[in-house]
Asks: 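After the structure tokens below, expect a handful of questions from me.
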Number of protein chains: 2
Amino acid sequence: MEVTSRAKKPSRSATIVEVATAANVSIGTVSRYINGLSVRKPEQIRAAIEELGYFRNALAGSIRSRATKTVGILVPNFDEFHARILAGTANHLRQAGYSALTVTYADTANSLSEAVDFLVGHRVDGLIVGNLSAENKSLAKVFQTGMPMAFYNTHPDGWSVDRVEVENCDVTTRAMEHLIDIGHTHIGIVTGTIGQRPHDERLRGYRNAHINAGLPIDPALQQPGNGTRREGYEAANRLMSASPQPTAIFSSNYQMTIGVLQLLRERNIRIPDDISLISFDDVDLFALLDPGITVIAQPLADIAKEVTRVMLERLSAQQMVPPVSVRLDCNIVLRGSTRPPKKAD
Amino acid sequence: MEVTSRAKKPSRSATIVEVATAANVSIGTVSRYINGLSVRKPEQIRAAIEELGYFRNALAGSIRSRATKTVGILVPNFDEFHARILAGTANHLRQAGYSALTVTYADTANSLSEAVDFLVGHRVDGLIVGNLSAENKSLAKVFQTGMPMAFYNTHPDGWSVDRVEVENCDVTTRAMEHLIDIGHTHIGIVTGTIGQRPHDERLRGYRNAHINAGLPIDPALQQPGNGTRREGYEAANRLMSASPQPTAIFSSNYQMTIGVLQLLRERNIRIPDDISLISFDDVDLFALLDPGITVIAQPLADIAKEVTRVMLERLSAQQMVPPVSVRLDCNIVLRGSTRPPKKAD
DNA sequence: TTGTACGCGTTATCAT
DNA sequence: ATGATAACGCGTACAA
């Protein structure tokens, strides 16, 4: 195919009326052709569509039909975590005849409301929301209109809504017990933002392990990282300046773990010789490092599958059904980043 | 705010007519209020909107106004490379009053046409396309309608269209000359898919360096990786089975480099002691590995900025202007993954 | 199977 | 600044 020059800019693209005229049929017939129903002279219509460069106007169609066959997806960003979930949801939605309208809400201030307005303005049939625990006026407004909504990973407190979440607490406890079993007694934690449910649960899991083992909980070994790489770096810096130094670190999400890794490398602290490390979340990076990082892996494909399933069931539900809550288990993936501490203290 | 139960599902959300009635004004006045123009009794209208839970229907508005203030973005996937560009474009578009409609085209077969139809069906005002070099009937059809389009990284052959691309060839030559300067004479290359312009250019840059230095070009040292991790792994496997073995490898994109790293690690081939490595593309991983990987880094933020600028200028252009072509330079980031070969042969 | 006419929610226009 | 009304492009119901 050769496309070497641009056609002169048409003020508007062809409409179904023009196609009907060109094909010598009525618009109803063209509409049926477009929607795959049988018509008498399909070839004429096809040729007219081809000739005019016609594209169906989905906007106009949706006004009348009141359904866009589109699900809005609201994610903080396109990082590796959400990217993988998005790939899954988009796929599952498509198989059910839906498209995904994906918008990020964390790039600038108050863009969450903008994002919500955009999606609702485009009359998505439902809304999938990732990693959002904070209240938002716009979102609450939408929720109250009865818009089908499904959250994954966390949801605003007190909202009775469809959700898919992972078990954070117990799995963290088990990971910490692994460290304790091999002799660690000073385990530092880089926490996410306190007040966000998943991070609260991970911290609780960390504490429970200490309580179960009769170990003291040292506040100096709990450093806030707020979920970002930069703050993960600084939290690790504080941890490694504490006295006594921790012999192991648990980092509550992968962004912060990257910060931790940066600091450890700068300080020339070797894993696992000088320190053991466990991270929540599994990303490619952690498997490729030498040694690989032992992680608590969230089942991303399952989260995507379940949240899509829940949404589709909500969309097809004829009557009101109570919100469903799905809880998935994480896996501990042992790699080489943990080892007994160098010397007992 | 408390949101503990769902309102009964309304069959449809409030319309501008209902708002107008409730506020005792005409729909024209409500429309003006919504669009930020001055009205006499804004508070009444605000209250009515609040009360009725009204959300403007962007679909209906766009039918009449013929503008959606929306730009479609077409990317193969949400990998780290595109994720960073998307963050930039979305931001720049928003600042200009546009929203981004992002769709991936590589998740399943023939989904490119579906994606194009979706975006055009939603009447995006323009289209930004990433990493697409193949022809596509649907896309060509759109192009010929005069839809503003801007490509980044590559574009279909023969299309005279706005584009932002990086300089692949010379920078690769310079990177190879770095290897040659420190004594390498057997440099392997893992190529991307031949026929895709950026990868053709990178291969040419590799060859030019050899020609300039008077080194032979050994076909056995050029292994196709087709851009994927799996094939990068296998290409590296073939390279390390060649005789004589290369003392350095250049990998043409980051996905393939990850495959290369996996193979080297499995075979216990150490970087840079046993082999030197340079990769095209810079991702987090490469800076965190020990040693860090020397890379040719594409200016992602600039690509995003430029492609958005080009698109916005095209959108605001009153008359036909010839397509613009922006070419950006890459940077060579030296880390620790290169070193003179162990022994001269 | 086909054609016609109306409805969808908004914006644009124009007279006030 | 406001109100009334005609588009906008498509789906759908109904009559043919």
Side-chain angles (χ1 to χ4, degrees), chain A residues 10-46 48-49 52-70 97 99 117-125 145, chain B residues 10-46 48-49 52-70 97 99 117-125 145:
Chain A
S11 60
R12 52 189 202 75
S13 80
T15 73
I16 199 173
V17 179
E18 301 174 60
V19 173
T21 306
N24 254 322
V25 294
S26 74
I27 58 171
T29 305
V30 176
S31 176
R32 281 190 292 276
Y33 171 84
I34 293 169
N35 293 301
L37 303 180
S38 63
V39 293
R40 206 182 302 277
K41 317 171 250 187
E43 178 49 31
Q44 283 184 32
I45 302 177
R46 195 206 57 72
I49 288 175
L52 294 170
Y54 166 82
F55 276 89
R56 176 177 178 278
N57 188 332
L59 278 50
S62 300
I63 294 182
R64 187 68 176 84
S65 68
R66 280 170 175 328
T68 55
K69 279 290 181 178
T70 288
S99 298
D117 287 347
F118 178 80
L119 292 173
V120 178
H122 281 72
R123 291 297 186 265
V124 292
D125 296 334
T145 68
Chain B
S11 59
R12 53 188 201 75
S13 80
T15 73
I16 198 172
V17 179
E18 301 173 57
V19 173
T21 306
N24 253 323
V25 294
S26 73
I27 58 174
T29 304
V30 176
S31 177
R32 281 191 292 276
Y33 171 85
I34 292 169
N35 293 300
L37 303 180
S38 62
V39 293
R40 208 183 302 279
K41 319 171 247 186
E43 178 49 32
Q44 285 185 30
I45 302 177
R46 196 205 58 72
I49 288 175
L52 295 170
Y54 166 81
F55 276 89
R56 174 177 177 277
N57 187 331
L59 277 50
S62 299
I63 293 182
R64 186 68 174 90
S65 70
R66 286 170 168 333
T68 54
K69 280 288 180 180
T70 288
S99 298
D117 287 347
F118 178 80
L119 292 174
V120 179
H122 281 73
R123 291 298 185 265
V124 292
D125 295 335
T145 68

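Chain A is the first sequence line, chain B the second, and so forth, proteins listed ahead of strands; every chain is numbered from 1. Only a predicted model underlies this, so the values are computations on that prediction, with no experimental measurement involved.
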Asks: Have a look at A:Val19 and tell me which of A:Ile34, A:Val30, A:Thr29 forms a side chain to side chain contact (heavy atoms under 4.5 Å, CB included) with it.
Replies: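 Among the candidates, only A:Val30 passes.
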Asks: Between CD1 of B:Ile63 and CZ of B:Arg123, what distance do you get to the nearest 0.5 Å?
Replies: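 One gets 10.0 Å once the value is rounded to the nearest 0.5 Å.
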Asks: Under 3.5 Å, which donor-acceptor pairs do the side chains of residues 52-60 of chain A form with other protein atoms, sequence neighbours left out?
Replies:
| from | atom 1 | to | atom 2 | distance (Å) |
| --- | --- | --- | --- | --- |
| A:Asn57 | OD1 | A:Leu59 | N | 2.9 |
| A:Asn57 | OD1 | A:Ala60 | N | 3.1 |

Asks: If you measure from CG on B:Leu119 to CG on B:Asp125, what distance do you get to the nearest 0.5 Å?
Replies: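 Interatomic distance, B:Leu119 CG to B:Asp125 CG, rounded to 0.5 Å: 12.0 Å.
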Asks: Can you tell me the distance, in whole Å, between the CD1 atom of B:Ile45 and the P atom of C:dT10?
Replies: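 B:Ile45 atom CD1 is separated from C:dT10 atom P by 14 Å.
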Asks: In whole Å, I'd like the distance from the CG atom of B:Leu52 to the C1' atom of C:dG9.
Replies: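 Spelled out: CG on B:Leu52 to C1' on C:dG9 is 15 Å.
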Asks: Look up atom CD1 in A:Ile45 and atom CG in A:Asn24, then write down how far apart they are to the nearest 0.5 Å.
Replies: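 Between atom CD1 of A:Ile45 and atom CG of A:Asn24 there are 10.5 Å.
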Asks: Roughly how far, to the nearest 0.5 Å, is the NE2 atom of B:His122 from the OG1 atom of A:Thr70?
Replies: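 Between atom OG1 of A:Thr70 and atom NE2 of B:His122 there are 4.5 Å.
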Asks: State, to 0.1 Å, how close A:Ala22 and A:Ala48 come at their nearest heavy-atom pair, and which atoms those are.
Replies: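 Heavy atoms only, the tightest pair is CB-CB, 3.9 Å.
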Asks: I need the A:Gln44 CD to A:Arg46 CZ distance, nearest 0.5 Å.
Replies: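 Separation between the atoms: 11.5 Å.
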Asks: Could you check which of C:dA12, D:dC10, C:dT2 has an atom nearest any side-chain atom of A:Ser26?
Replies: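 In terms of side-chain proximity for A:Ser26, the closest of C:dA12, D:dC10, C:dT2 is C:dT2.
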Asks: Considering only heavy atoms, which members of residues 29-42 of chain A lie under 4.0 Å from some atom of DNA chain C?
Replies: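 Going residue by residue through residues 29-42 of chain A, the ones with a heavy atom under 4.0 Å of DNA chain C turn out to be A:Thr29, A:Arg32, A:Ser38, A:Val39, A:Arg40.
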Asks: Output the rounded distance in Å from CG (A:Leu59) to C1' (D:dC8).
Replies: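 Rounding to the nearest Å, CG of A:Leu59 and C1' of D:dC8 are 11 Å apart.
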Asks: Contact class for B:Ile27 (heavy atom, under 4.0 Å): base, sugar-phosphate, or nothing?
Replies: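 Counting heavy atoms under 4.0 Å across all strands, the contact made by B:Ile27 includes a base.
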Asks: Can you tell me which nucleotide in D:dG9, D:dG3, C:dT10 comes closest to the side chain of A:Ala60?
Replies: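 Nearest listed nucleotide: D:dG9.
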Asks: Assign each of B:Asn57 and A:Arg64 to its nearest nucleotide of DNA chain C by heavy atoms, then name whichever residue's nucleotide is nearer the 5' end.
Replies: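 Between the two, 5'-proximity favours A:Arg64.
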Asks: Quick one: bend of the helix from C:dT1-D:dA16 to C:dT16-D:dA1 from 5 pairs per end, to 10°?
Replies: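 The helix from C:dT1-D:dA16 to C:dT16-D:dA1 shows an end-to-end axis angle of 30°.
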Asks: Which residue, B:Arg123 or B:Asn24, contacts DNA chain D at a nucleotide closer to its 5' end, judged by nearest heavy atom?
Replies: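 Whichever sits nearer the 5' end wins; that is B:Asn24.
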Asks: Using modelled atom types only, decide if a donor and an acceptor are shared between the side chain of B:Ser31 and the backbone of B:Ile27 within a distance under 3.5 Å.
Replies: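 No; judged by distance alone, with no hydrogens or angles, the pair does not exist.
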Asks: Which of the following nucleotides, D:dT2, C:dC8, C:dT10, is nearest to the side chain of A:Ile63?
Replies: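 That would be C:dC8.
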Asks: Rounding to a whole Å, what distance do you find between A:Ile16:CD1 and C:dG7:P?
Replies: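 For the pair A:Ile16 CD1 and C:dG7 P, the rounded distance is 19 Å.
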Asks: Roughly, in whole Å, what's the span from CZ in B:Phe55 to C1' in C:dT10?
Replies: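 Taking CZ of B:Phe55 and C1' of C:dT10, I get 17 Å after rounding.
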